[in-house]
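One structure below.
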2 protein chains.
Amino acid sequence: MAETDDARRAAALERLMTVGRQNSAVTVMFHSAIAAKQGLNATEGKTLDYLQRQGPLTAKDLAELTGLAPASVTGLVDRLEAKGFVRRVKHPTDKRRVLVEPNEAKLAELAGFFEDWTRDIVEVCAQFTTDELETVNRFLAVMTEQQRKATARLTD
Amino acid sequence: MAETDDARRAAALERLMTVGRQNSAVTVMFHSAIAAKQGLNATEGKTLDYLQRQGPLTAKDLAELTGLAPASVTGLVDRLEAKGFVRRVKHPTDKRRVLVEPNEAKLAELAGFFEDWTRDIVEVCAQFTTDELETVNRFLAVMTEQQRKATARLTD
DNA sequence: GCAAATATTTCGTTCGGTCGAACTAAAGAC
DNA sequence: GTCTTTAGTTCGACCGAACGAAATATTTGC
């Protein structure tokens with residue numbers, strides 16, 4: 001029954017596209033809702049993402065990552081600092097440089113925002129066996145990498 | 001061996017959180033990269049999303065959906081029209097109203113943007129059995145709904 | 001040491017996106 | 001038929017965020 005198997009797979013793939021696109025759209029909205037709730041614009045949110053993932057970065061690093069002019073980074077960091085999300089720290093060896101350090105407490109507070117969200121997730125996961133969750137994990141990991149590459153391709 | 005099962009599940013859940021967050025971050029970046037490539041800002045992108053999903057909408061509808069003032073919607077539609085993504089159409093029965101109609105051709109062109117992306121996805125999916133893909137679909141559908149509710153909770 | 005290079009900030013300017021208020025046109029109420 | 005309400009646009013103004021150029025501080029190279 002190769003044909004019905006093929007049909008079933010084709011259906012699964014098509015549905016994956018649909019559901020994946022819906023999920024993407026909702027994810028974007030969720031993110032922007034959270035950012036808005038904290039008075040962060042897109043640039044600021046992206047910057048915090050980078051800092052959270054990579055730890056302290058210099059202004060120059062941030063300029064490259066965000067694609068902003070040096071002068072703009074100064075303003076960006078000023079705003080984030082005023083809101084308490086980061087602080088400027090002198091670079092240990094090169095005093096020209098400024099390290100922008102994320103405020104862990106503030107980010108934890110942000111994580112607190114996710115708390116009931118996390119609880120909901122776990123609850124929803126009750127519908128899935130551990131094996132299934134591992135499949136999902138594997139899938140998400142692969143897709144994330146694929147999408148990361150696609151993004152890089154777009155922005156080069 | 002209930003304990004090791006518990007441990008395995010806990011590990012799977014924790015990993016899900018991590019990988020899920022990474023995936024979200026990348027998704028957001030991917031979206032904003034696509035939007036930027038087309039010269040669209042966040043508001044314009046969101047508006048096109050609504051139009052694509054719900055079909056033609058009046059300026060008033062858009063004002064409510066986006067949370068913008070009427071005057072701002074005029075400007076928003078002007079910009080989208082100038083870029084060729086939408087057109088204004090007279091409402092059939094109420095001549096005060098303006099229907100904002102998405103340009104299917106232009107959106108298809110946008111879909112073309114996704115073409116090689118889609119190809120990559122399918123390729124990546126070769127690593128998964130059809131059963132696994134169906135599990136993923138089920139998971140994504142559930143998570144999408146959950147996240148949709150969470151977003152609504154944040155923006156009310 | 002001193003000149004050139006590098007990292008960041010300051011300053012003045014510009015621009016896009018939003019707003020409120022006033023205006024126009026059409027629909028609905030009575 | 002007038003009066004009120006509703007939909008959308010125009011206009012003038014404002015604000016946040018970005019930029020380039022010049023200034024400052026520090027490091028590197030010779």
Side-chain angles (χ1 to χ4, degrees), chain A residues 28 32-33 35-51 54-102 155, chain B residues 28 32-33 35-51 54-102 155:
Chain A
V28 170
S32 77
K37 199 93 179 180
Q38 299 177 308
L40 294 173
N41 66 25
T43 306
E44 290 157 3
K46 200 202 308 189
T47 302
L48 287 179
D49 253 14
Y50 285 130
L51 290 171
Q54 310 192 19
L57 294 169
T58 67
K60 183 150 220 278
D61 294 335
L62 289 178
E64 279 160 14
L65 287 168
T66 59
L68 259 49
S72 309
V73 174
T74 298
L76 167 62
V77 176
D78 284 348
R79 297 192 307 268
L80 287 175
E81 203 168 29
K83 290 170 191 163
F85 287 102
V86 305
R87 61 172 194 154
R88 284 180 164 90
V89 178
K90 288 186 196 306
H91 191 283
T93 71
D94 187 341
K95 279 186 267 181
R96 289 172 305 179
R97 298 189 217 188
V98 170
L99 281 175
V100 179
E101 190 177 84
T155 52
Chain B
V28 170
S32 77
K37 200 96 179 173
Q38 300 178 307
L40 294 173
N41 67 23
T43 306
E44 290 156 3
K46 200 202 306 188
T47 302
L48 287 180
D49 251 14
Y50 285 130
L51 290 172
Q54 308 191 20
L57 293 169
T58 67
K60 183 149 221 275
D61 293 335
L62 289 178
E64 280 161 13
L65 286 169
T66 59
L68 258 51
S72 308
V73 174
T74 298
L76 167 62
V77 175
D78 284 349
R79 297 193 307 269
L80 287 175
E81 203 169 28
K83 290 168 191 161
F85 287 102
V86 305
R87 60 172 193 153
R88 285 180 164 90
V89 178
K90 288 186 195 307
H91 191 284
T93 70
D94 186 342
K95 279 185 263 179
R96 289 170 306 177
R97 297 191 215 185
V98 170
L99 280 175
V100 179
E101 191 177 84
T155 50

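Within every chain, numbering begins at 1; the chains are lettered A, B, ... in the order of the sequence lines, protein sequences first and strands thereafter. Remember, it's a predicted structure, so these values are computed and weren't measured experimentally.
Residues A:G55 and A:P102 share a closest heavy-atom pair of C-CD, 4.4 Å. Closest approach of A:P92 and A:L99 over heavy atoms only: CD-CD1, 4.0 Å. In terms of heavy atoms, A:N41 sits closest to A:T43 at OD1-N, 3.0 Å.
B:K46 contributes atom NZ, which lies 14.0 Å from atom CG of B:L40 (distance to the nearest 0.5 angstrom). In this structure, OG1 in B:T74 is found 10.5 Å from CG in B:L62, a value given to the nearest 0.5 Å. To the nearest 0.5 Å, the span separating CD on B:Q54 from CG on B:D49 amounts to 10.0 Å.
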What donor-acceptor contacts under 3.5 angstrom involve side-chain atoms of residues 76-85 of chain A, with partners at least two apart or in another chain?
from: A:D78; atom 1: OD1; to: A:R88; atom 2: NH1; distance (Å): 2.9
from: A:D78; atom 1: OD1; to: A:R88; atom 2: NH2; distance (Å): 3.1
from: A:R79; atom 1: NE; to: A:E44; atom 2: OE2; distance (Å): 2.6
from: A:R79; atom 1: NH2; to: A:E44; atom 2: OE2; distance (Å): 3.4
from: A:E81; atom 1: OE1; to: A:R88; atom 2: NH1; distance (Å): 2.7
from: A:E81; atom 1: OE2; to: A:R88; atom 2: N; distance (Å): 3.0
from: A:K83; atom 1: NZ; to: A:G39; atom 2: O; distance (Å): 3.0
from: A:K83; atom 1: NZ; to: A:E44; atom 2: OE1; distance (Å): 3.0
from: A:K83; atom 1: NZ; to: A:E44; atom 2: OE2; distance (Å): 3.4

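Of the residues in residues 73-81 of chain B, those placing a heavy atom less than 4.0 Å from an atom of DNA chain C are B:R79, in numerical order. Taken residue by residue, residues 89-102 of chain A places heavy atoms nearer than 4.0 Å to DNA chain C at A:R96, A:R97, A:V98.
A 4.5 Å side-chain heavy-atom check between B:T47 and B:L65 finds every atom pair outside the cut-off. The side-chain heavy atoms of B:K60 and B:T58, taken from C-beta on, include a pair separated by under 4.5 Å.
For the helix from C:dG1-D:dC30 to C:dC30-D:dG1, the axis fitted to the five pairs at one end and the axis fitted to the five pairs at the other end meet at an angle of 20° (nearest 10 degrees).
Using a 4.0 Å heavy-atom distance criterion, A:A69 is classed as a sugar-phosphate-only contact. Note on B:A71: a base of the nucleic acid sits closer than 4.0 angstrom, heavy atoms only.
The outermost nucleotides of DNA chain D lying under 4.0 Å from heavy atoms of chain B, listed 5' to 3', are D:dT6 to D:dT10.
By the salt bridge (Lys or Arg N to Asp or Glu O under 4.0 Å) test, B:K90 is found to be paired with no residue, residues two or more places apart in sequence or in another chain being considered.
At whole-Å resolution of the value, NZ in A:K60 and C1' in C:dT9 are 16 Å apart.
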